[in-house]
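Reading through the structure tokens given below for one structure.
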Amino acid sequence: MHDAHAHVFPMVAGRTGNGPTQSLTFGRIRHGDCVQQLLSPQNAQTRYPVEMLVANLDALGIDRTMLLQGPFYGTTNAYQAAALAAFPDRLWGAMRFDPWSDPPALLSELVATEEYRALKLECSVPTGLTGLHPELSLDAPDLDWIWRLLAKRDLALTLDLGRPGTESYQTDAVEGIARRHPGLRILIAHLGQPDASCLEPGPSRDLWHGQLELGTLPNVWFDCAALPVYFPDEEYPQPSAVACMREAFRLLGSGKILWGTDQPGVLHQLPLRYLIRLARHCAVDLDEEGWCRFTEGNFHDVYGPR
């Protein structure tokens, strides 16, 4: 299996629209004026070093993972580059760049290192770039150079577009990017972040289905990382999460969805082994070829060959 969505960080030291984020103790962080449980209380220090990630991969038989970044955890380009160099056979990574505040030269420098497989833009409102830049628009013409650069260098674009109905849920903008740049591979994280309202007829379901339909384009995929988090009131195996996954398989087939965890932020709710069991429960109707595409083949379609 390959995990398409994971994070490592020496400490939480980021910023969101609610204010700075900071590691505390016993798995907790300060998020603006609030204290939030991010990791298990068994983590005396709120950190997830690369060695801990690799130990988890080893314990569960996960061959490779994609390391992503975002403003919530803080900019960790240097730490991530060191992690990729230390475990080149196990880890691939995405660079961190804020198009609305960082100088364009930074992205060119990161691309030139040839250490990364993608650019990750965490756009969600509470923890991402839309919280920092409320007027951001992904289809702004002055961003087109980014999409051209990624396509030219054969790098993917990974997007977290937040929840349906929020300002970051810019489905039309992403469709425009995908159609203007057919050589750019785009992955949308968290399966479009459905919640229980997306399983019933109504505006939320329409918005979610509208975003899933982007997966019918040849250069757009989804990962399903953190899906159980959106149904916190349900016990394992969380039937609403399963229903959302099966709906996505029905609409897109097994060739457009990547398995992922979003570890470590989900591990205080479900252990990693349960996330693997949940994936098998969701994919019960897939044949062996479909399971292999879901858990490994699509990963390479998006992020490149071995």
Side-chain angles (χ1 to χ4, degrees), residues 1-5 66 68 94 117-124 138-139 147 150-151 154-166 168-195 197-199 201 203-228 230 240-262 278-279 282-287 289-304:
M1 295 183 74
H2 290 4
D3 183 351
H5 193 134
M66 186 72 184
L68 303 176
R117 298 274 178 154
L119 168 67
K120 163 74 180 299
L121 294 181
E122 171 87 22
C123 296
S124 60
L138 288 171
D139 60 358
W147 324 137
L150 295 177
D154 198 28
L155 298 168
L157 171 64
T158 301
L159 297 169
D160 182 335
L161 297 174
R163 297 201 174 207
T166 61
S168 58
Y169 213 71
Q170 299 184 18
T171 299
D172 291 345
V174 176
E175 179 178 2
I177 295 169
R179 292 189 183 277
R180 290 195 306 274
H181 303 277
L184 174 62
R185 300 184 303 279
I186 300 172
L187 182 134
I188 300 172
H190 308 304
L191 205 68
Q193 293 200 25
D195 58 22
S197 66
C198 295
L199 292 171
S204 293
R205 180 183 177 90
D206 293 342
L207 288 169
W208 181 52
H209 273 208
Q211 191 160 111
L212 285 180
E213 287 174 5
L214 293 178
T216 62
L217 298 173
N219 58 332
V220 178
W221 291 259
F222 290 83
D223 77 36
C224 65
L227 191 61
Y230 308 127
S240 295
V242 173
C244 286
M245 274 299 303
R246 290 180 177 172
E247 178 71 355
F249 281 133
R250 183 186 70 82
L251 293 171
L252 300 177
S254 61
K256 283 302 189 81
I257 304 172
L258 286 64
W259 180 73
T261 63
D262 201 17
L278 185 63
C282 294
V284 66
D285 293 328
L286 299 184
D287 58 18
E289 180 180 356
W291 172 256
C292 290
R293 290 232 53 87
F294 172 45
T295 59
E296 183 171 342
N298 299 333
F299 181 102
H300 289 289
D301 286 347
V302 175
Y303 291 124

>> If I take atom CG from residue L258 and atom CZ from residue F299, how far apart are they, to the nearest 0.5 angstrom?
In response: 7.5 Å
> Got N298 and H2 here, is their nearest side-chain heavy-atom distance under 4.5 Å?
Replying inline: no
>> For D3 and W259: C-alpha separation, side-chain torsions, deciding distance, then whether side chain to side chain contact (heavy atoms under 4.5 Å, CB included) applies.
In response: CA-CA 6 Å; D3 183 351; W259 180 73; 4.0 Å; yes
>> Quick one: does any side-chain atom of S204 pair with a main-chain N or O of C198 as donor and acceptor, under 3.5 Å?
In response: no
> Counting only N and O atoms by type, is there a donor-acceptor contact under 3.5 Å from the side chain of D223 to the main-chain atoms of H190?
Replying inline: yes
> Side-chain contact, heavy-atom cut-off 4.5 Å: R117 with V302?
Replying inline: no
> Does the side chain of P194 come within less than 4.5 Å of L227's, by heavy atoms?
Replying inline: yes
> How far does OG1 of T216 sit from CD of E213, to the nearest 0.5 angstrom?
Replying inline: 6.5 Å
> Mind checking whether L252 and F222 have side chains closer than 4.5 Å, heavy atoms only?
Replying inline: yes
> Is the backbone of V220 close enough, under 3.5 Å, to the side chain of K256 for a donor and an acceptor to pair up by distance?
Replying inline: yes
>> Any side-chain to backbone donor/acceptor pair from N219 onto L184? Under 3.5 Å, distance only.
In response: yes
>> For the CG atom of L207 and the CD atom of Q193, what is their distance to the nearest 0.5 Å?
In response: 13.0 Å
>> Run I257 and L191 through side chain to side chain contact (heavy atoms under 4.5 Å, CB included) and show every step you take.
In response: CA-CA 8 Å; I257 304 172; L191 205 68; 4.3 Å; yes
>> For a quick test of reading the model, state the closest non-hydrogen atom pair linking G162 to S168 and the distance between them.
In response: CA-OG, 3.7 Å
>> Quick check: do W208 and S197 have side-chain heavy atoms less than 4.5 Å from each other?
In response: no
>> Assess the residue pair M245 and V242 against the criterion (side chain to side chain contact (heavy atoms under 4.5 Å, CB included)); give the C-alpha distance rounded to whole Å, side-chain angles, the decisive distance to 0.1 Å, and a yes or no.
In response: CA-CA 5 Å; M245 274 299 303; V242 173; 5.8 Å; no
> If you measure from the Lys or Arg side-chain nitrogens to the Asp or Glu carboxylate oxygens, is any gap between D301 and R185 under 4.0 Å?
Replying inline: no
> At their closest point, which heavy atom of G290 faces which heavy atom of S254, and how far apart are they?
Replying inline: CA-OG, 3.5 Å
> CG/L214 to NE2/H209 distance, rounded to the nearest 0.5 angstrom?
Replying inline: 13.0 Å
>> Does any part of the side chain of K120, heavy atoms only, come nearer than 4.5 Å to the side chain of M66, both counted from C-beta?
In response: no
> Which distance, rounded to the nearest 0.5 Å, do you find between the CD of Q170 and the CD of Q211?
Replying inline: 10.0 Å
> How far does CG of L68 sit from CG of L121, to the nearest 0.5 angstrom?
Replying inline: 11.0 Å
>> Looking only at side-chain N and O atoms, does T158 offer a donor or acceptor that is under 3.5 Å from a partner on Y303?
In response: yes
> Residues in side-chain hydrogen bond (donor to acceptor under 3.5 Å, both in side chains) with D262, at least two apart?
Replying inline: H5, H7
> How far apart are the closest heavy atoms of L155 and A118, and which atoms are they?
Replying inline: CD2-N, 4.1 Å
> Does the side chain of H300 reach to within under 4.5 Å of the side chain of E296, using non-hydrogen atoms?
Replying inline: yes
>> Under the criterion side chain to side chain contact (heavy atoms under 4.5 Å, CB included), I'd like the reasoning laid out for V174 against L138: C-alpha separation, chi angles, the key distance, then a yes or no.
In response: CA-CA 7 Å; V174 176; L138 288 171; 4.2 Å; yes
